[in-house]
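Just so you know, ligand 1 is whichever comes first in the structure, and atom 1 is the first atom listed for that ligand. From a predicted model like this one, the values you see are computed outputs, not experimental measurements.
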Amino acid sequence: MKNKLVVRGRNVLKRNALRFAAALLAALASFVGGPNAALAQAPQHHDQVPGFYRLKVGDLEVTALFDGFAVFDPHWLNGTKATMDGVVKELHEDPHMLEASVTGFLVNTGKQLILVDAGAGTWYGGGALGRLAGSLRSAGYTPEEVDIVLVTHLHSDHVGGLTTQDGRRVFPNADVYVAKAESDFWLSPEIAAKAPKDAQPFFQSAQAIAAPYIKAGKWHTFSGSEPIVDGMQLVPLPGHTPGHTGYQFTSKGQKILFCGDIVHAQRVQLQHPEVTAIFDIDQTAAAATRNQLLARLAREDVLIAAPHTSLFPALGRLRKDGSGYSWVPVVFTDRWDENAPSPQK
Ligand SMILES: [Zn+2]
């Protein structure tokens with residue numbers, strides 16, 4: 001019996017060895033037939049994986065939605081001569097240091113689907129932006145499902161995705177909320193008429209983007225601190241624009257702040273929070289707001305959703321680092337819910 005098993009075992013081994021040799025010969029035959037020709041026939045693919053990343057904050061599901069990327073021009077920054085000389089020198093060594101993402105964020109509270117900022121759509125910067133609605137679909141949602149859009153400010157890289165060029169609402173069932181100071185400023189024909197020529201496109205786009213929501217009775221403004229949804233706190237962050245507002249959500253003791261344009265050039269302004277951008281309407285207020293907020297965020301354990309960080313998904317935390325701060329990005333994981341079992345197990 002024992003010997004029979006040994007013989008059978010040997011036969012199996014022999015059979016497997018023969019099969020392996022045959023497979024090897026077949027592979028060699030195709031290799032001799034021209035491996036390079038076969039490789040060259042495979043087309044190159046230019047798309048990345050779908051642009052979303054989700055994680056849990058308490059009971060909230062937060063999904064970062066990639067809208068595209070942009071490159072910040074060093075001439076758009078205002079700092080001391082010494083700081084700006086340093087930026088130019090660093091840029092020479094690392095030409096990619098001012099590359100930035102444009103990102104919107106979706107919060108599923110379990111009761112409502114809330115979008116915070118909507119990306120650029122077709123209103124800003126051409127072909128590299130405007131992918132947010134596609135990213136939202138890739139993440140398993142449809143624009144029709146969005147109940148609420150919270151807008152940090154009315155620059156077109158944050159609200160362009162709300163409306164098509166022919167005036168159609170991309171989120172037909174959503175109520176849009178924006179600070180009254182913000183809405184009053186950008187939608188005022190009087191202020192627009194007095195604005196410098198360079199700023200005119202910002203007024204025109206804000207008015208065109210808001211128009212169909214106003215017409216449908218879905219454009220809402222707020223001026224107090226009354227939360228719009230449960231578990232959310234308004235965080236006024238004036239300076240970049242008159243009604244620039246952050247939205248902080250808390251669930252089960254965990255916090256996330258959607259901070260809008262508190263930082264444009266991450267690699268410069270975290271080390272030098274006093275450096276402003278030419279798009280900051282009140283430069284002094286913008287620098288003061290950033291100084292205060294960054295100090296608080298480094299002290300508290302708050303997850304930060306910052307639309308223009310250089311690394312998608314634009315989610316991370318701050319740590320004090322010398323006289324400035326460093327960015328600690330979230331680490332990619334397929335475990336979107338830390339309490340759920342790993343998909344591998
Ligand atoms: Zn922006």
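Arg169 meets the side-chain contact (heavy atoms from CB on, under 4.5 Å) test with Pro212, Tyr213, Ala216, Lys218; sequence neighbours excluded.
Rounded to the nearest 10 degrees, the angle OD2 (Asp157) to the Zn ion (ligand 1) to NE2 (His308) equals 90°.
Residue contact annotation: His158 places an N/O/S atom under 2.8 Å from the Zn ion (ligand 1).
Asp85 and Lys81 are joined by a salt bridge, as a carboxylate oxygen and a charged side-chain nitrogen come within less than 4.0 angstrom of each other. Ion pairing between a basic and an acidic side chain is recognised when a charged N comes within 4.0 Å of a carboxylate O; Arg317 and Asp301 show such pairing.
Atom-to-atom distance recorded for Ile304:CD1 and Trp327:CH2 is 5.0 Å, nearest 0.5 angstrom.
When distances from the Zn ion (ligand 1) to the N, O or S atoms of Asp261 are compared, OD2 comes out shortest.
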